[in-house]
Amino acid sequence: KILETLGSIVWSLNSTDSLLTMKRGLAPVAAGPPSLDFQQICDAIDKRLFVGKVPPHTTEDELREIFSEFGALTECRVVPDRNGGNSNGIGFVGFQSWAAAFRALQETDGKRQFRSQVGTSHAMIASFAENMSKVGRGGGAAYAKGLTVNRVFVGQVPEDATDQELGGRFASCGLVESVSLLQPKNRLRCAFVTYNNWGEAMDAVELMNGQPLRAGSEPGMMVQLAMPKDGPRSVQPAGTPTFGGGRHDAAPGGPPPKRLRDGPPPKR
């Protein structure tokens, strides 16, 4: 059963190497520790999920029905088993936002069932699909389930900004749990904005970095994921990932979660 499950996850479309990997039971290449650099994360994974344990004859309409409740989709496809269609296949689901993708992962991975799985102990597997063309197989392992970091550092904030104003501006990216403005320095301030989850923090970095707090002449804000007080070693994945294979995508594994504490921004 273990080999069968592993094989169904590792298999991918048009990839002889992946088929050989499935048969031999080879593990993905070990990845390094997660980074808080936004571009490095985007190089490793996309706003799309790898879905494993897709039962035979599952349609894209069923996959879309399950995942569209979490946000607008940019991709939805089922890749059936190549060997007669009697084994589990895989799927890929893309989202417009990091928050939607992360929320979908948390709500479905090991929890949701396809219609043909109801009444059994089986459930779908979901992980972020990695960009194998950029990082190779296993290069996105550290981000397969997202990270526990849910806080962003905001630099170049106007001196007269308030917590309420900053929170209102960043609320467009997700649920703001708290805002902490630091004392002004050289007529500008820094702040920390805490979100409900990592996906919302990722959207904030993508959408707010370089944008001004207000329409005007002040410089654009610098927004990046905030480094925990304990440093890079305390940056941990949000879950215990499973892994999937593909010629261009995969979703490898990683260690269990660890709650992070507040801290200063990462060094440039």
Side-chain angles (χ1 to χ4, degrees), residues 1 4-19 21-22 28 42 44-135 137 140-141 143-146 197 199 202-203 206 238-239 241-253:
K1 284 187 176 181
E4 180 182 355
T5 301
L6 184 61
S8 66
I9 296 174
V10 174
W11 179 84
S12 67
L13 186 64
N14 296 327
S15 177
T16 302
D17 290 340
S18 293
L19 288 173
T21 299
M22 174 187 70
C42 292
I45 60 171
D46 275 327
K47 305 171 197 170
R48 58 198 296 266
L49 301 181
F50 163 91
V51 184
K53 292 189 176 181
V54 179
H57 314 301
T58 299
T59 65
E60 290 183 358
D61 286 341
E62 182 179 359
L63 190 66
R64 183 177 296 105
E65 180 182 350
I66 293 172
F67 284 93
S68 61
E69 69 179 76
F70 302 104
L73 303 183
T74 60
E75 175 189 5
C76 182
R77 61 188 175 98
V78 173
V79 185
D81 168 49
R82 296 178 64 182
N83 300 317
N86 294 319
S87 298
N88 289 333
I90 61 175
F92 292 97
V93 183
F95 292 87
Q96 289 187 356
S97 71
W98 289 101
F102 188 55
R103 184 166 57 250
L105 186 155
Q106 291 185 309
E107 294 296 325
T108 61
D109 183 37
K111 301 176 183 178
R112 292 287 290 270
Q113 295 179 307
F114 292 99
R115 282 192 280 269
S116 61
Q117 292 175 326
V118 175
T120 73
S121 60
H122 300 292
M124 68 179 66
I125 291 173
S127 292
F128 276 101
E130 66 183 9
N131 296 323
M132 290 191 64
S133 61
K134 293 184 178 180
V135 297
R137 175 165 173 74
Y143 313 104
K145 302 297 182 181
N197 61 60
M202 285 287 288
D203 283 332
E206 182 175 65
T242 53
F243 66 88
R247 188 171 184 176
H248 302 291
D249 352 75

Shortest non-hydrogen pair, K111 vs A123, comes out as N-CB, 4.1 Å
Look up atom [atom1] in [X] and atom [atom2] in [Y], then write down how far apart they are to the nearest 0.5 Å.
X: F67; Y: T108; atom1: CZ; atom2: OG1; result: 4.0 Å
X: K53; Y: N88; atom1: NZ; atom2: CG; result: 8.0 Å
X: L63; Y: F92; atom1: CG; atom2: CZ; result: 11.0 Å
X: M202; Y: Y143; atom1: CE; atom2: OH; result: 9.0 Å
X: Q96; Y: E75; atom1: CD; atom2: CD; result: 13.0 Å
X: F70; Y: L105; atom1: CZ; atom2: CG; result: 10.0 Å

Residues in salt bridge (Lys or Arg N to Asp or Glu O under 4.0 Å) contact with E206, at least two apart in sequence or another chain
K47
Ring-plane angle category for F128 and F102, please: parallel below 30°, perpendicular beyond 60°, tilted otherwise.
parallel
So, the side chain of D46 versus the backbone of N131: is there a donor-acceptor pair under 3.5 Å, distance only?
no
Backbone N or O of Q106 within a donor-acceptor pair of the K145 side chain at under 3.5 Å?
no
Determine which pairs satisfy salt bridge (charged side-chain N to carboxylate O under 4.0 Å, His left out) with at least one residue from residues 115-128, sequence neighbours left out, and list them in order.
E62-R115, E65-R115
Quick note, salt bridge (charged side-chain N to carboxylate O under 4.0 Å, His left out) partners involving residues 97-107, not counting sequence neighbours, are none
Against V51, only a single residue in I90, V79, V93, T58 fulfils side chain to side chain contact (heavy atoms under 4.5 Å, CB included); can you say which?
V93
With sequence neighbours excluded, tell me which residues meet ring-ring contact (aromatic ring centres under 6.0 Å, His included) with F95.
none
Pairing residues for T120 by the side-chain contact (heavy atoms from CB on, under 4.5 Å) criterion, not counting sequence neighbours
Q113, Q117, H122
